[in-house]
Amino acid sequence: MPKVVIAGNWKMHKTQREALEFLQDFKSHLDETPDDREVVLCAPFTALAVLSKTLHGGRIRLGAQNVHWEKSGAYTGEISADMLTEIGVHYVVIGHSERRQYFGETDETVNLRVISAQKQGLIPIICVGESKAQRDAGETEKVIIKQIQGGLVNVDQKNLVIAYEPIWAIGTGETCESEEANRVIGLIRQQLDNPDVTIQYGGSVKPDNIDEIMAQSQINGALVGGASLDPTVFARIVNYR
Ligand SMILES: O=C[C@H](O)COP(=O)(O)O
């Protein structure tokens with residue numbers, strides 16, 4: 001059975017002070033959180049450093065939002081997997097559509113980052129998803145299969161999470177119908193050798209749609225953007241029924 005993973009992607013939000021304030025409030029909502037799900041905070045690098053000192057284990061895992069494939073070197077602005085694991089980071093988001101759109105991420109660089117992250121013991125959360133134009137042109141399946149196949153060349157499918165995030169549903173309030181997300185995620189699953197890979201849905205996940213999303217047979221979690229910034233709101237998502 002795939003493990004359920006609910007991850008908040010804070011993107012470029014929260015200073016260290018704001019991250020600690022969030023944590024203090026958020027932790028108080030986790031007492032009743034069932035053990036059947038992993039809770040992950042994918043925070044900016046500076047916030048990760050301070051959160052890791054405050055977590056002391058517990059049930060929250062930390063995730064980064066990018067990682068480079070080399071161990072060290074002249075790569076201004078990048079970060080290595082060692083630097084992340086040293087401070088207790090477990091997950092890393094790779095190939096988010098915003099990285100693909102604004103920072104030139106390709107399936108090839110996604111693949112390099114994934115392989116290197118796994119080698120250093122990080123669990124990659126690989127993001128895939130089609131644009132509105134691609135969906136309207138009937139290209140959803142073609143786009144997703146290309147991203148999955150390109151991103152997964154020589155990748156160990158044991159420690160791996162995939163997030164299906166239709167770009168048109170990110171930050172727009174327009175959620176993909178849960179049955180449709182389930183269908184596309186089923187298609188992604190057909191591309192994999194390991195039936196236990198966790199596949200999340202991401203795109204305008206909110207307290208009022210999380211229960212329906214998590215009731216779908218193929219969906220094993222959520223990658224939550226805007227709604228993960230408020231501790232009470234994200235706690236309701238994590239504590240889906
Ligand atoms: O990584 C998260 C996604 O980009 C979803 O963002 P959102 O929940 O604000 O739509």
Side-chain angles (χ1 to χ4, degrees), residues 1-9 34 36-40 42 61 63 90-97 99-100 105-108 110-115 117-118 122-132 134-135 137-170 174-205 209-225 237-238 240-241:
M1 281 283 283
K3 181 169 65 177
V4 170
V5 181
I6 308 288
N9 177 11
D36 63 355
R37 58 203 71 175
E38 182 115 295
V39 181
V40 184
C42 300
R61 297 282 196 199
H90 280 86
Y91 288 85
V92 58
V93 176
I94 297 178
H96 190 282
S97 58
R99 301 283 324 162
R100 293 178 192 256
E105 195 79 81
T106 64
D107 292 335
E108 290 70 33
V110 165
N111 182 245
L112 288 170
R113 293 184 205 277
V114 169
I115 290 173
Q118 284 184 326
L122 288 168
I123 302 176
I125 301 177
I126 306 178
C127 301
V128 297
E130 81 287 0
S131 67
K132 180 86 173 78
Q134 289 166 330
R135 173 159 284 259
E139 292 173 353
T140 299
E141 287 75 7
K142 193 178 87 182
V143 170
I144 300 293
I145 289 172
K146 181 178 168 294
Q147 289 176 340
I148 289 290
Q149 290 181 347
L152 290 186
V153 178
N154 297 325
V155 166
D156 175 5
Q157 294 188 9
K158 248 193 254 130
N159 290 308
L160 182 67
V161 175
I162 292 171
Y164 169 54
E165 297 206 314
I167 296 169
W168 47 272
I170 295 177
E174 192 183 344
T175 325
C176 181
E177 290 293 323
S178 49
E179 288 83 7
E180 173 59 6
N182 196 51
R183 183 187 74 80
V184 178
I185 288 176
L187 184 90
I188 293 172
R189 207 173 288 289
Q190 284 171 17
Q191 304 298 313
L192 305 174
D193 301 326
N194 178 4
D196 291 333
V197 173
T198 297
I199 311 184
Q200 303 171 314
Y201 168 76
S204 296
V205 173
N209 58 25
I210 186 67
D211 297 340
E212 190 184 320
I213 290 167
M214 291 308 297
Q216 301 297 318
S217 60
Q218 299 291 331
I219 302 181
N220 318 122
L223 185 57
V224 186
I237 291 173
V238 162
Y240 73 86
R241 298 166 188 126

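Remember, it's a predicted structure, so these values are computed and weren't measured experimentally.
Asp196 contributes a side-chain N or O that, together with a main-chain N or O of Met1, makes up a donor-acceptor pair within less than 3.5 Å. Using a distance-only test at 3.5 Å, with no hydrogens or angles considered, a donor-acceptor pair links the side chain of Gln147 to the main chain of Gly129. Panel note: side chain Arg61, backbone Glu38; no donor-acceptor pair is recorded below 3.5 Å.
Leu192 is listed as a side-chain neighbour of Leu152, based on a closest heavy-atom distance under 4.5 Å. Counting heavy atoms from C-beta outward, Thr198 and Val5 have side chains that approach closer than 4.5 Å. Contact annotation: the side chain of Val93 approaches that of Cys127 to within less than 4.5 Å [non-hydrogen atoms, C-beta and beyond]. Side-chain contact between Ile185 and Gln200 is absent, with no heavy-atom pair separated by less than 4.5 Å. For the pair Ile199 and Ile219, the minimum side-chain heavy-atom distance is 4.5 Å or more. Here the side chains of Val205 and Thr175 are not in contact, with every heavy-atom distance at 4.5 Å or above. The shortest side-chain heavy-atom distance between Ile6 and Val40 does not fall under the 4.5 Å cut-off. No side-chain heavy atom of Ile94 sits under 4.5 Å from any side-chain heavy atom of Ile125.
For Thr106, the side chain to side chain donor-acceptor pair (under 3.5 Å) partners two or more places apart in sequence, or in a different chain, are Glu108, Thr109. Arg100 meets the side chain to side chain donor-acceptor pair (under 3.5 Å) test with Asp107; sequence neighbours excluded. In this view, Lys142 and Glu139 satisfy the side-chain contact (heavy atoms from CB on, under 4.5 Å) rule, not counting sequence neighbours. Residues satisfying the salt bridge (Lys or Arg N to Asp or Glu O under 4.0 Å) test with Glu105, not counting sequence neighbours, are Arg113.
Taking CD1 from Ile210 and CD1 from Ile213, the interatomic distance works out to 5.0 Å, rounded to the nearest 0.5 Å. One distance of note links CD1 of Ile145 with CD of Glu141; it measures 7.0 Å at 0.5 Å rounding. How far CD1 of Ile170 is from OG of Ser131: 11.0 Å, rounded to the nearest 0.5 Å.
Residue Glu180 qualifies as enclosed at atom CD: its count of foreign heavy atoms under 6.0 Å is above 12. For Asn154, the CG atom sits in a loose shell: 12 or fewer heavy atoms of surrounding residues, nucleotides or ligands are nearer than 6.0 Å.
Every pair passing side-chain hydrogen bond (donor to acceptor under 3.5 Å, both in side chains) that includes a residue from residues 212-223 is listed here, sequence neighbours excluded: Ser178-Glu212, Ser178-Gln216, Asn182-Ser217, Arg189-Gln218, Arg189-Asn220.
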Walk me through whether Val155 and Gln118 qualify under side chain to side chain contact (heavy atoms under 4.5 Å, CB included). CA-CA 8 Å; Val155 166; Gln118 284 184 326; 3.5 Å; yes

Between His96 and Glu165, does the side chain to side chain donor-acceptor pair (under 3.5 Å) criterion hold? Intermediate values first, please. CA-CA 8 Å; His96 190 282; Glu165 297 206 314; 3.1 Å; yes

Go through the steps for Ile126 and Val110 under the test side chain to side chain contact (heavy atoms under 4.5 Å, CB included), then give the verdict. CA-CA 8 Å; Ile126 306 178; Val110 165; 4.0 Å; yes

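Gly150 approaches Asn111 most closely through the heavy-atom pair O-CB, 3.5 Å. Between Ala169 and Ser204, the shortest heavy-atom contact is O-OG, 2.8 Å. The shortest heavy-atom contact between Cys176 and Tyr201 is N-OH, 3.2 Å.
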Pairs of donor and acceptor atoms involving the side chains of residues 156-164, under 3.5 Å and at least two apart or interchain, shall be tabulated with distances.
from: Asp156; atom 1: OD1; to: Lys158; atom 2: N; distance (Å): 2.8
from: Gln157; atom 1: OE1; to: Asp193; atom 2: N; distance (Å): 2.8
from: Gln157; atom 1: OE1; to: Asn194; atom 2: N; distance (Å): 3.0
from: Tyr164; atom 1: OH; to: Glu130; atom 2: OE1; distance (Å): 2.9
from: Tyr164; atom 1: OH; to: Glu130; atom 2: OE2; distance (Å): 3.1
from: Tyr164; atom 1: OH; to: Arg135; atom 2: NH2; distance (Å): 3.4

